[in-house]
Protein chains: 2
Amino acid sequence: MRTGYQDIKADILDKIRQNLWPPGAYLPGEIELAQSYGCARATVNRAMRDLVDDGVLERKRKAGTRVKAVASQNARFAIPLVREEIEATGATYRYALVERQTRAAPGWLRARVQLDADTQVLELRCMHFADNQPFQLEDRWINLDTIPDARHQSFEAISPNEWLVREVPFSKADLSFAAINATPEMSDFLGAAPQDAVFMAERSTWMDHRNVTHARLYFHRGYRMMAQF
Amino acid sequence: MRTGYQDIKADILDKIRQNLWPPGAYLPGEIELAQSYGCARATVNRAMRDLVDDGVLERKRKAGTRVKAVASQNARFAIPLVREEIEATGATYRYALVERQTRAAPGWLRARVQLDADTQVLELRCMHFADNQPFQLEDRWINLDTIPDARHQSFEAISPNEWLVREVPFSKADLSFAAINATPEMSDFLGAAPQDAVFMAERSTWMDHRNVTHARLYFHRGYRMMAQF
DNA sequence: AACGGGTTTATGTTCAGTCATAACCCGCGC
DNA sequence: GCGCGGGTTATGACTGAACATAAACCCGTT
């Protein structure tokens, strides 16, 4: 019986599922477990740390390790580039720039992401197609104070998303999802009926506490976002 | 200069942001980094493993470690119990069972989650209120082959979600989100106008490849699901 | 009984070293 | 020139040990 940390993880999960260690119960200490598995404490430690990461266990120094009372399941999902999401289905991706202008940041955006009153933004509207069917309408504002290079980018061939991912690697973002009724304008772009329910994602991206960009993504009718855990 | 694994993580991220290690570039090997940081290889290893976990790096044995070319940002967010989500806002939570019946699994569900033709399910409809305002309408089907105990639960005081989390800890699930137009029935429950856009989450839960339950959650008008990474 | 400080203890982190494993690479044989 | 196999090497996993740290707990004082 090889006891790698993965085996230990599996065994702990088994014990939890068999209700030997019900939610809220304390597990034996690392030393004790290491003895019973016949491995080093570090190995048990790694297994348990992983399980904390997965949202299964809770640990506190001295107090010990317990099974999380409520399984606040940690869903974890990747937000791919639109292009990748489309190409993954086998469809042909097409991008189109609809509008592009430089302007002072609108009030709602200044409030939302804490910009100065005189911040200039590049405002873009783009469409993403899958097999020439409307897939996503993207409204985007790029902070020109933070990313001055964007001023000289036409964004006619490359989508702002894709350009930004290359230029501004690994920033923080916050993300929200909602359902809204299509405005007449949106339904024109997305080929939806007026009032159709539209899945919307809104994302703000930050680098060192400075806002980089804000985007509103409107998906085609019937879009489903999927995740698993 | 203390070089804990967190300091190393931070330093690597800094270097990436400063474009010293652009996307796709290979990082120095663990041994080399350990020397330059003046720490053990295991410490560098842990920092790098963490960064893989965060979706920043890609590692392959022998090949080496590289900055992920596209930041397929791993959003990771917790799906809390409705009750907790509501109570976190300071509102008072109220639960109500609307309907409860045992029946053969409907065809669409059998197809969706691979059930036998004669599988019995417990079909439930519940409402969740925040400060007496409709918050979420829940349609749920519990597989009685997998969870026979559910047959004897009235679900009048405790929501099926909460009960299941206690009974069936740490199962796998897949999850999808969509926007739909409210049916007249849904708008009655949710206090929405007919045709209002409704945010819907659909979740299937599995234990050892057997389906446990399937749920459709319809949120109140204007609901926003939030995540960050 | 309430409070405060010291002790104990379980986890957190790091270390140096070993073995395992995957994959690139180079050279041999054809 | 091509394919195959072994050598090299970078990461992956594990060990046993040590020290750090936070917090629970005990105990003595007020």
Side-chain angles (χ1 to χ4, degrees), chain A residues 1-16 20-69 72 74 76 170, chain B residues 1-16 20-69 72 74 76 170:
Chain A
M1 156 184 162
R2 283 203 59 254
T3 48
Y5 80 100
Q6 309 223 34
D7 304 278
I8 296 179
K9 272 182 71 171
D11 186 73
I12 292 175
L13 278 171
D14 273 354
K15 289 214 168 66
I16 292 174
L20 295 179
W21 294 331
Y26 280 95
L27 271 61
E30 291 187 348
I31 298 174
E32 197 176 328
L33 282 177
Q35 280 170 352
S36 74
Y37 286 120
C39 69
R41 187 172 76 94
T43 307
V44 174
N45 182 283
R46 172 145 186 213
M48 285 173 133
R49 257 193 301 112
D50 262 34
L51 287 170
V52 171
D53 226 46
D54 298 343
V56 175
L57 299 179
E58 255 176 342
R59 317 191 78 187
K60 257 198 320 206
R61 277 185 183 164
K62 158 69 186 172
T65 303
R66 59 194 319 185
V67 182
K68 251 197 176 174
S72 76
N74 268 353
R76 178 194 245 174
F170 304 108
Chain B
M1 157 182 163
R2 283 202 58 256
T3 49
Y5 78 99
Q6 311 223 35
D7 304 276
I8 296 179
K9 273 182 69 171
D11 186 73
I12 292 176
L13 277 171
D14 274 353
K15 288 214 170 63
I16 291 174
L20 296 179
W21 294 332
Y26 279 96
L27 271 60
E30 291 187 348
I31 298 174
E32 197 178 327
L33 282 177
Q35 281 171 350
S36 75
Y37 286 120
C39 69
R41 189 172 75 95
T43 307
V44 174
N45 183 283
R46 171 144 186 214
M48 286 174 132
R49 257 194 300 112
D50 263 33
L51 288 171
V52 171
D53 226 47
D54 298 344
V56 175
L57 299 179
E58 257 177 340
R59 318 192 77 188
K60 257 199 318 208
R61 277 187 183 167
K62 158 70 186 168
T65 303
R66 61 194 316 185
V67 182
K68 252 197 174 172
S72 76
N74 269 354
R76 179 194 242 173
F170 304 106

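Source: prediction; values computed, not measured. Residue numbers begin at 1 in each chain, while the letters A, B, ... track the order of the sequences.
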d(CZ, B/R66; C1', D/dA10) in whole Å: 15 Å
Sugar-phosphate or base contact per nucleotide [nucleotides 21-26 of chain D; S, B, -; heavy atom under 4.0 Å]: BSBS--
Sugar-phosphate only, base, or nothing, as touched by A/R41 at under 4.0 Å among non-hydrogen atoms: base
CG-CZ distance between B/L57 and B/R66, expressed to the nearest 0.5 angstrom: 11.5 Å
From CA spacing to verdict: side chain to side chain contact (heavy atoms under 4.5 Å, CB included), B/N45, B/R59: CA-CA 11 Å; B/N45 183 283; B/R59 318 192 77 188; 3.9 Å; yes
Under 4.0 angstrom between A/T65 side-chain N/O and C/dT11 OP1 or OP2: yes
A/E30: which of A/R46, A/R61, A/R41 passes salt bridge (Lys or Arg N to Asp or Glu O under 4.0 Å): A/R41
Atom-pair distance (CZ on B/R49; P on D/dT11), nearest Å: 13 Å
Whole-Å distance separating the CE atom of B/M48 from the P atom of D/dA13: 14 Å
CA sep, side-chain torsions, deciding dist, call: A/V52, A/T65, side chain to side chain contact (heavy atoms under 4.5 Å, CB included): CA-CA 9 Å; A/V52 171; A/T65 303; 5.8 Å; no
Nearest-Å distance for atom pair CG/P, residues A/L57 and C/dA10: 17 Å
Within residues 27-35 of chain B, residues whose heavy atoms come under 4.0 Å of DNA chain D: B/G29, B/E30
Heavy-atom side-chain contact between A/Y37 and A/T43 under 4.5 Å: no
Side-chain touch B/V67/B/P22, heavy atoms, less than 4.5 angstrom: no
Listed partners of A/K60 passing salt bridge (charged side-chain N to carboxylate O under 4.0 Å, His left out), at least two apart: none
Rounded interatomic separation in angstrom, taking CG from A/D50 and P from D/dC14: 11 Å
Rounded distance in Å - CG (B/D53) to P (D/dT11): 17 Å
D/dC14 phosphate, OP1 or OP2, under 4.0 Å from A/R46 side-chain N/O: no
Side-chain N or O of B/R59 closer than 4.0 Å to phosphate OP1/OP2 of D/dG12: yes
Test side-chain contact (heavy atoms from CB on, under 4.5 Å) applied to B/K15 and B/L13, B/D11, B/I12, the passing residue: B/D11
Separation of C/dA23 C1' from B/Y26 OH (nearest whole Å): 11 Å
Cationic N near anionic O, under 4.0 Å, A/D53 to A/R49: no
Phosphate OP1/OP2 of D/dT15 contacted by A/T43 side-chain N/O (<4.0 Å): yes
Under 4.0 angstrom between B/N45 side-chain N/O and D/dA13 OP1 or OP2: no
